[in-house]
Amino acid sequence: DLIRDEINVKQVTLSDDLDAFASRVLKPNGKLLGPRLGKAMQDVLALARNGEWSANDDGSVLVGEHTLSPDEFEIALEPATDGAVGGLSSGDAVVVLNTELTPELVNEGHARQLSRWIQDARRSVGLDVTDRISLQIDTDPEVAEWLAPHMSNLAAQVLATSLDFATVAADEFSFELDGHPVSFAITKA
């Protein structure tokens with residue numbers, strides 16, 4: 001729940017199937033290995049690039065006939081999929097974000113944007129943080145449909161005791177939401 005809230009995602013799924021999301025890539029340290037292995041260093045690099053290595057229980061790795069100690073290599077994670085994927089520097093975890101925007105998520109974003117505008121308007125008219133308000137929103141039917149599932153949450157966020165779709169005066173607060181006009185009026189409840 002803490003991760004979900006902190007990074008503003010809908011769901012966090014933990015999996016111990018690291019190979020489904022990333023592959024481990026061995027990166028030998030040429031500066032350390034070159035003097036020790038000499039010409040064999042090229043073989044080690046080629047085998048590592050081809051994924052022909054194995055980890056040992058003691059933290060070392062076996063590449064061909066050569067055992068590399070933990071200070072002679074790094075194991076990095078390379079994403080197995082495109083998109084928002086990143087491996088942790090520890091080499092034992094990867095984070096994958098599904099960044100697909102569904103219509104529902106886009107509409108939730110619209111409601112959040114409207115909430116920010118309303119909060120800014122509350123401050124601009126000098127309302128206290130705890131003041132309750134009445135809110136009238138003037139917009140086209142498409143935006144009203146986008147916002148409908150989010151009205152109770154919007155009302156709670158902006159402390160609106162009443163929230164209605166209604167015509168408001170032209171001098172009230174006006175914005176564009178994804179190309180659609182939105183105006184609203186707030187009064188202290």
Taking only residues two or more places apart in sequence, or in another chain, which ones meet [X] in a side-chain hydrogen bond (donor to acceptor under 3.5 Å, both in side chains)?
X    : answer
D17  : none
S162 : S134
R132 : none

Verify same cluster id: [X], [Y] (apolar side-chain graph, 4.5 Å):
X    : Y    : answer
V61  : L45  : yes
V125 : V158 : yes
I133 : W117 : yes
I118 : F165 : yes
L2   : V12  : no

Check whether [X] reaches the backbone of [Y] with its side chain - one donor and one acceptor, N or O, closer than 3.5 Å.
X    : Y    : result
N50  : E52  : no
D128 : T130 : no
D164 : A166 : no

Stepwise side-chain contact (heavy atoms from CB on, under 4.5 Å) check, E74 with N29: CA-CA 7 Å; E74 175 185 323; N29 184 330; over 6 Å; no
Minimum heavy-atom distance between [X] and [Y], given as atom pair plus value:
X    : Y    : result
A111 : H150 : CB-CB, 3.6 Å
S115 : Q157 : OG-OE1, 3.0 Å
A144 : T139 : N-CG2, 3.9 Å
R122 : V129 : NH2-O, 3.3 Å
D138 : V168 : OD2-N, 3.2 Å

Taking it one step at a time, do Q119 and R116 satisfy side-chain hydrogen bond (donor to acceptor under 3.5 Å, both in side chains)? CA-CA 5 Å; Q119 297 293 30; R116 283 189 286 276; over 6 Å; no
Return yes if a side-chain donor-acceptor contact under 3.5 Å exists between R112 and N107, otherwise no. no
How many angstroms lie between [atom1] in [X] and [atom2] in [Y], if you round to the nearest 0.5 Å?
X    : Y    : atom1 : atom2 : result
L105 : E100 : CG    : CD    : 8.5 Å
L163 : L135 : CG    : CG    : 4.5 Å
Q136 : T187 : CD    : OG1   : 5.5 Å
M41  : D43  : CE    : CG    : 10.5 Å
Q11  : I3   : CD    : CD1   : 12.5 Å

Hey, are the side chains of [X] and [Y] touching, using non-hydrogen atoms and a 4.5 Å cut-off?
X    : Y    : result
I186 : L127 : yes
L33  : R36  : yes
N56  : T67  : yes
D131 : L159 : no
L37  : H66  : yes
K10  : R4   : no
M151 : I137 : yes
L114 : L154 : yes

Counting only heavy atoms not in I7, do more than 12 fall under 6.0 Å of its CD1? yes
How about Q113: does its CD atom have over 12 heavy atoms from other parts shown lying under 6.0 Å from it? yes
Taking ring pair (Phe, Tyr, Trp, His ring centres under 6.0 Å) as the cut-off, I'd like each qualifying pair that reaches into residues 15-58, sequence neighbours left out, listed once. none
Mind running side-chain contact (heavy atoms from CB on, under 4.5 Å) on L68 and V63 for me, showing each step along the way? CA-CA 7 Å; L68 309 183; V63 184; 3.9 Å; yes
Pairing residues for H110 by the ring pair (Phe, Tyr, Trp, His ring centres under 6.0 Å) criterion, not counting sequence neighbours: W146
With sequence neighbours left out, the residues meeting ring pair (Phe, Tyr, Trp, His ring centres under 6.0 Å) with F184 are F173, F175
Begin from the C-alpha positions of S183 and E172 and carry the test side-chain hydrogen bond (donor to acceptor under 3.5 Å, both in side chains) through to its verdict. CA-CA 7 Å; S183 299; E172 297 295 337; over 6 Å; no
